[in-house]
Amino acid sequence: MGLGILEDHKLEHVPGTAHVLEDEQRSEQEQAVARDTSLKYDATGKILLVPQPSDDPNDPLNWPIWKRHFIVFILSLLSVIAATLSPLLAADTVSLAIFVFERTFTDMALLTGYHLLGVGLAGFLFVPSARIWGKRHLYLLGTVFVIFSSAWGGGNGKNYKSLLWARIFQGIGLAPFEALVNASVGDLYHVHQRGVPMALSNLALFGGAFFTPVLVGKIAATMGYEWTFYFVAIFAAVMLPLVILYVPETSYKREQRFDIDTMGNLVSVPTKGDHSSSDPAPSYEESQRANLQKETDVEKVGKPAPDAPSSIPVKKTWKQDLMPFDGRKTDERYLHLLLRPFPLFFHPGILWACLIQGTLIGWTVLIGVVLAGIMLGPPLWFGQVETGYMYTGAFIGAILGFVLCGLLSDWSAKVLTRWNRGVYEPEFRMVLVVPQLVLGCAGLYGFGITSADAKRYGWIWPDFFFAVEVMGMVCGAVASALYIVDAHRDMSIEGFTCLLVFKNLFSFGLTFKGFDWIVAGHIKPVFMAIASVQIGICMLTLPMYIFGKKSRSFFHRHNVFFNITDWIADKLTFW
């Protein structure tokens, strides 16, 4: 048992488990013997690169680090713009319902609800396309959708149905960034490098979403709510050339032998006679080399020698990088990939990630939907400007959550890996659920108590607890995203599809009932209930941490979920 994680005895190497650090308890002589010069390490020579970069200059893992950082920066900046779409009407809910559209609060909430539904359904359709043809064409398509749908929303002519459809198309534009940016981080970085970029990409989505209402309330009051849509269209149009010129395809069809974090049965047990009794036991890296060498020997039959000029692909030109497509990434059919996420909702690791990320995001959406209604009445009598300013706390909470995750994610994983004699387990990422439990649940309890008695607590304490809740939400989002990338990178796109669909459909459902719950059950009891539910969800991390490795091994040996969907897809194709 490694730090409380139950060992698996069915596979010699469980996908996701990786030996990335030198064991400090071994002598320097043992480390020198164990080091495998055929495997690649980082600049310090102590951290094994997982996955292993190939010799192809077009492999994103071989790109200069500044280029990879710049790609993530552009995608994160565009994610900020796209993420503003979800809460674009949060501060204006009451004023639009009463003065512009003359609709109920629930009708106005559904402008956000159907937008989230558009995100979920579009992501479900887009992800198989990303698996087959890569992610670049979807980033381009998403940016174009954000531009035209935002211009449409601003020019709706105060027609509710027109605005509703514009919001749905805005959701379609947002979908590629919610679904795929985290997966691109997995494409661009090794395991030990992903913590900060993953936290940044999640901050972009959540930080942009929470800073938007701060500006929207003031813009709507002084220029009209239409300009909140127009500004998004303008900023997205400015970003489009950067995506075209500087965000190449990050998906790469890597040979399986380089994916030492996803391959099963990677470590071979030496036969009798391979080592004399005086020889040291083969290290993890030596066993890897044996397997890699066997696979390479098989592949060499009938192929040119490794040092032949034709064995290394030619680096793509800048013009080739501009193309929206650069070939298929898999030979699988679209229908097969389209159906695959459905059964994955029953996969323990994916279900855990959906619950950890999706429920707290849903409660945050609920706060955003009902916030204007809560602050509207006495004694505060907040208008759209003041309600928008209430999101300052949420934005600060998102920033602090990012800082906390940036400090803890990679550091905690490295510390636990060192304590585990250099063996990294993806379950180490679950440490971030601890601050989610403390901060997220305390924020929900605190917001419910203080917002229910605004006369006593004013606006500052609800805003404070809103910030605390968002800090916890960011920690959970980063923990679940990192776990999917590290534990199930071979199906990370399908995993992120499940996250996308779950959190948006869950949030969509809450927009139907948010105001009704508050009116019927009152503020405090409702938030006491959902905070208690969130505690129970966070506690699911304990069994997932303990049995996570066994789960990874079982579902690698019994690929039941993909087999079911492939069978269904074959039947549908036949008929």
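Note that these values count all heavy atoms, side chains included, but never hydrogens, waters or copies made by symmetry. What you see is a predicted model, and the numbers here were worked out from it, not measured in a lab.
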Heavy-atom nearest pair, Val385 first then Ala221, reads CG2-CB, 3.5 Å

Does Trp165 have more than 12 heavy atoms from other residues, nucleotides or ligands lying within 6.0 Å of its CH2? no

Trp66 meets the side-chain contact (heavy atoms from CB on, under 4.5 Å) criterion, sequence neighbours left out, with Pro64

- prompt: Heavy atoms, side chains only, cut-off 4.5 Å: are Phe447 and Ile367 in contact?
  reply: yes

- Quick check: are there more than 12 heavy atoms from other residues, nucleotides or ligands sitting under 6.0 Å from NZ of Lys67? yes

- Task: Measure the shortest side-chain to side-chain distance between Val485 and Phe496 over non-hydrogen atoms and say whether it is less than 4.5 angstrom.
- Result: yes

Handout entry: CZ/Phe73: more than 12 non-hydrogen atoms of other groups inside 6.0 Å
Key = no

task = State, yes or no, whether a side-chain contact exists between Phe169 and Leu85 at a heavy-atom distance under 4.5 Å.
result = no

**Prompt:** Would the number of heavy atoms belonging to other residues, nucleotides or ligands and lying under 6.0 Å from NZ of Lys316 be above 12?
**Reply:** yes

Applying side-chain contact (heavy atoms from CB on, under 4.5 Å) to Thr317 and not counting sequence neighbours gives Lys319, Gln320

| query | With a 4.5 Å limit on heavy-atom distance, are the side chains of Pro53 and Lys40 in contact? | reply | yes

Applied to residues 495-510, the salt bridge (charged side-chain N to carboxylate O under 4.0 Å, His left out) test, sequence neighbours excluded, yields Glu178-Lys503

Residues at least two apart in sequence or cross-chain that pass side-chain contact (heavy atoms from CB on, under 4.5 Å) with Lys315, listed by chain then number, are Pro57, Asn58

Applying ring pair (Phe, Tyr, Trp, His ring centres under 6.0 Å) to Tyr246 and not counting sequence neighbours gives Phe70

Leu188/Trp63 under side chain to side chain contact (heavy atoms under 4.5 Å, CB included): CA gap, chis, key distance, verdict: CA-CA 8 Å; Leu188 292 167; Trp63 293 347; 3.8 Å; yes

Next item on the list: State, yes or no, whether a side-chain contact exists between Leu245 and Leu322 at a heavy-atom distance under 4.5 Å.
Entry: yes

Between Ile356 and Gly476, the two heavy atoms sitting closest are CG2-O, 3.7 Å

Leu444 side chain reached by Leu360 side chain, heavy atoms, under 4.5 Å:
yes

Evaluate the side-chain proximity of Arg340 to Arg131: yes if any heavy-atom separation is below 4.5 Å, no if none is. no

Would you tabulate the side-chain donor-acceptor contacts of residues 388-406 under 3.5 Å, counting partners in other chains and residues two or more places apart, or write 'none'?
| unit_1 | atom_1 | unit_2 | atom_2 | d |
| --- | --- | --- | --- | --- |
| Tyr391 | OH | Gly368 | O | 3.3 |
| Thr392 | OG1 | Tyr389 | O | 2.8 |

Side chain to side chain donor-acceptor pair (under 3.5 Å) pairs touching residues 135-154, sequence neighbours excluded, are Ser129-His137, Lys135-Asp187, Lys135-Ser251, Tyr139-Ser184, Ser150-Gln170, Trp152-Ser162

Here the salt bridge (charged side-chain N to carboxylate O under 4.0 Å, His left out) pairs for residues 384-409, sequence neighbours left out, are none

In short, side chain to side chain donor-acceptor pair (under 3.5 Å) pairs touching residues 463-485 with sequence neighbours left out are Gln357-Ser480, Thr364-Glu469, Glu427-Tyr483

Heavy-atom closest pair (Arg194 atom, Gly186 atom, distance to 0.1 Å) is NH2-O, 3.6 Å

Review point. So, Lys253 and Asp326, do they make that salt bridge, N to O below 4.0 Å?
Key: no

| field | Contact check, side chains of Lys329 and Trp133, non-hydrogen atoms, under 4.5 Å | value | no

Applying salt bridge (Lys or Arg N to Asp or Glu O under 4.0 Å) to Asp410 and not counting sequence neighbours gives Arg429

Please set out all donor-acceptor pairs under 3.5 angstrom arising from side-chain atoms of residues 108-122, sequence neighbours excluded.
| unit_1 | atom_1 | unit_2 | atom_2 | d |
| --- | --- | --- | --- | --- |
| His115 | ND1 | Arg167 | O | 3.1 |
| His115 | ND1 | Gly171 | N | 3.3 |
| His115 | NE2 | Ser86 | OG | 3.0 |

Would you give me the side-chain donor-acceptor pairs under 3.5 Å for residues 226-241, sequence neighbours excluded?
| unit_1 | atom_1 | unit_2 | atom_2 | d |
| --- | --- | --- | --- | --- |
| Thr228 | OG1 | Tyr225 | O | 2.5 |
| Tyr230 | OH | Gly154 | O | 3.1 |
| Tyr230 | OH | Gly155 | N | 3.4 |

